[in-house]
Amino acid sequence: MKKKRPNWIPVVTAIIRREDKFLLGQRPESGSMAGVWEFPGGKIEPGEVPEQALARELTEELGIEAEVGELRFATTHTYGDTGIVLLFYEVNYWKGAVKTQHHHEIKWVTKQELLGENLPEANKKVIDKILAIMAP
């Protein structure tokens with residue numbers, strides 16, 4: 001029997017750093033993967049280019065006006081019948097104070113703390129690439 005092809009959803013993700021720490025948001029209790037810590041971002045809407053989508057998501061989720069940097073890497077992951085294409089961008093500059101507008105909570109974590117966080121499987125499988133971005 002032929003395996004059904006998943007529906008693919010394009011997702012943009014921000015790696016936001018402040019000194020030696022990454023910004024994570026805790027997914028709201030009301031949605032999928034409730035309570036899991038994630039890098040901010042979201043789905044690309046029709047008609048958006050990835051950088052526009054990420055800037056919009058960061059305004060909606062964190063209340064900041066971000067300057068989206070370069071695409072660092074891309075990966076795919078499948079959750080059941082749904083596949084996601086994840087585009088990881090670096091964000092080094094933004095205007096405004098980071099505040100939680102979507103997430104249950106937000107926090108800054110070190111590389112070591114990041115390894116112990118409850119992250120989505122799609123992030124865990126590329127943790128080495130995420131940590132390499134923090135390398136001096």
Side-chain angles (χ1 to χ4, degrees):
M1 185 170 155
K2 189 175 177 187
K3 190 175 177 186
K4 183 179 178 248
R5 269 186 103 174
N7 293 316
W8 289 94
I9 299 172
V11 175
V12 283
T13 304
I15 298 173
I16 301 176
R17 299 183 296 166
R18 185 174 67 192
E19 297 165 7
D20 65 340
K21 295 185 176 182
F22 291 103
L23 181 68
L24 294 179
Q26 189 177 36
R27 292 182 68 101
E29 297 299 323
S30 59
S32 64
M33 291 191 279
V36 171
W37 289 91
E38 66 180 359
F39 292 91
K43 297 179 183 97
I44 300 173
E45 298 296 337
E48 285 182 321
V49 296
E51 296 83 357
Q52 288 172 321
L54 187 53
R56 174 187 51 75
E57 286 285 348
L58 295 176
T59 299
E60 291 173 4
E61 291 185 2
L62 302 172
I64 60 173
E65 189 180 316
E67 182 181 309
V68 176
E70 67 180 90
L71 174 65
R72 294 306 298 254
F73 65 93
T75 188
T76 61
H77 190 75
T78 305
Y79 291 103
D81 288 340
T82 303
I84 57 171
V85 177
L86 271 166
L87 306 173
F88 284 84
Y89 284 86
E90 195 164 9
V91 174
N92 294 318
Y93 306 102
W94 63 89
K95 291 181 192 167
V98 173
K99 57 187 175 289
T100 181
Q101 296 187 160
H102 164 74
H103 294 99
H104 178 66
E105 191 179 332
I106 54 175
K107 66 180 175 181
W108 296 93
V109 297
T110 64
K111 285 169 85 167
Q112 202 56 42
E113 291 167 335
L114 183 64
L115 293 171
E117 290 297 340
N118 179 21
L119 299 171
E121 285 301 317
N123 289 179
K124 286 181 187 174
K125 75 180 201 181
V126 292
I127 199 75
D128 57 328
K129 290 183 180 185
I130 294 168
L131 293 175
I133 291 170
M134 287 292 280

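Just so you know, these numbers use all the heavy atoms, side chains as well, and skip hydrogens, waters and symmetry mates.
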Quiz item: If we only count heavy atoms from C-beta on, is the Glu60 to Gln101 side-chain gap below 4.5 Å?
Solution: no
Quiz item: Are Ile64 and Val91 close enough that some pair of their side-chain heavy atoms sits under 4.5 Å apart?
Solution: no
Quiz prompt | Lys43, NZ: over 12 other non-hydrogen atoms inside 6.0 angstrom | solution = no
Self-check item: For the student: nearest non-hydrogen atoms of Trp108 and Val98, plus distance
Solution: CZ2-CG2, 4.4 Å
Self-check item: Leu24 side chain reached by Leu114 side chain, heavy atoms, under 4.5 Å
Solution: yes
Quiz item: Rounded to the nearest 0.5 Å, how far does NZ of Lys124 lie from CG of Leu115?
Solution: 11.5 Å
Quiz item: With no hydrogens and no angle check, is any side-chain donor or acceptor of Tyr79 less than 3.5 Å from a backbone partner on Ile84?
Solution: no
Quiz item: Given the rule in the side chain to side chain contact (heavy atoms under 4.5 Å, CB included) test, do Thr110 and Lys21 qualify, once you have shown the distances and angles that lead to the verdict?
Solution: CA-CA 5 Å; Thr110 64; Lys21 295 185 176 182; 3.8 Å; yes
Self-check item: Atom pair CZ (Arg27) and NE2 (His103), whose distance is rounded to the nearest 0.5 Å
Solution: 7.5 Å
Quiz prompt | Distance, nearest 0.5 Å, that separates CD of Glu117 from CG of Asn123 | solution = 11.5 Å
Exercise. Check whether any side-chain heavy atom of Leu86 sits under 4.5 Å from a side-chain heavy atom of Val126, and report yes or no.
Key: no
Quiz item: Can you tell me how far CD1 of Ile106 sits from CD of Gln26, rounded to the nearest 0.5 angstrom?
Solution: 11.5 Å
Quiz item: For the hydrophobic clusters of this structure (ILVMFWY residues joined by side-chain heavy atoms under 4.5 Å, transitively), does one cluster hold both Leu71 and Ile16?
Solution: yes
Quiz item: Restricting to pairs with a member in residues 63-72, which pass side chain to side chain donor-acceptor pair (under 3.5 Å), not counting sequence neighbours?
Solution: Arg72-Glu90
Self-check item: Joint hydrophobic cluster, Tyr93 plus Tyr89, side-chain heavy atoms closer than 4.5 Å
Solution: no
Self-check item: Atom of His77, atom of Trp8 and distance for their closest heavy-atom approach
Solution: O-CZ3, 4.1 Å
Exercise. Report the residue from Thr75, Ile44, Thr13, Val11 that forms a side-chain contact (heavy atoms from CB on, under 4.5 Å) with Leu87.
Key: Ile44
Quiz item: Closest approach of Gly35 and Asn118, non-hydrogen atoms and distance?
Solution: O-ND2, 4.3 Å
Practice problem: Return the minimal non-hydrogen interatomic distance between Ala55 and Val68, and the atom names on each side. | Solution: N-CG2, 3.9 Å
Quiz item: Any side-chain heavy atom of Phe22 within less than 4.5 Å of one from Ile130?
Solution: yes
Self-check item: Geometric class of the Phe88/Phe39 ring pair [parallel <30°, tilted 30-60°, perpendicular >60°]
Solution: perpendicular
Exercise. Compare every heavy atom of Pro28 with every heavy atom of His102, then report the nearest pair and how far apart it is.
Key: O-CG, 3.4 Å
Practice problem: Heavy atoms only: give me the nearest Arg56-Glu48 pair and the separation to one decimal. | Solution: NE-OE2, 2.6 Å
Quiz item: Does Asn7 reach the side chain of Asp81, with side-chain heavy atoms less than 4.5 Å apart?
Solution: no
Quiz item: Can you tell if the side chain of Lys107 reaches within under 4.5 Å of the side chain of Glu113, non-hydrogen atoms only?
Solution: no
Quiz item: Would you call Leu54 and Leu58 a side-chain contact if the rule is heavy atoms closer than 4.5 Å?
Solution: yes
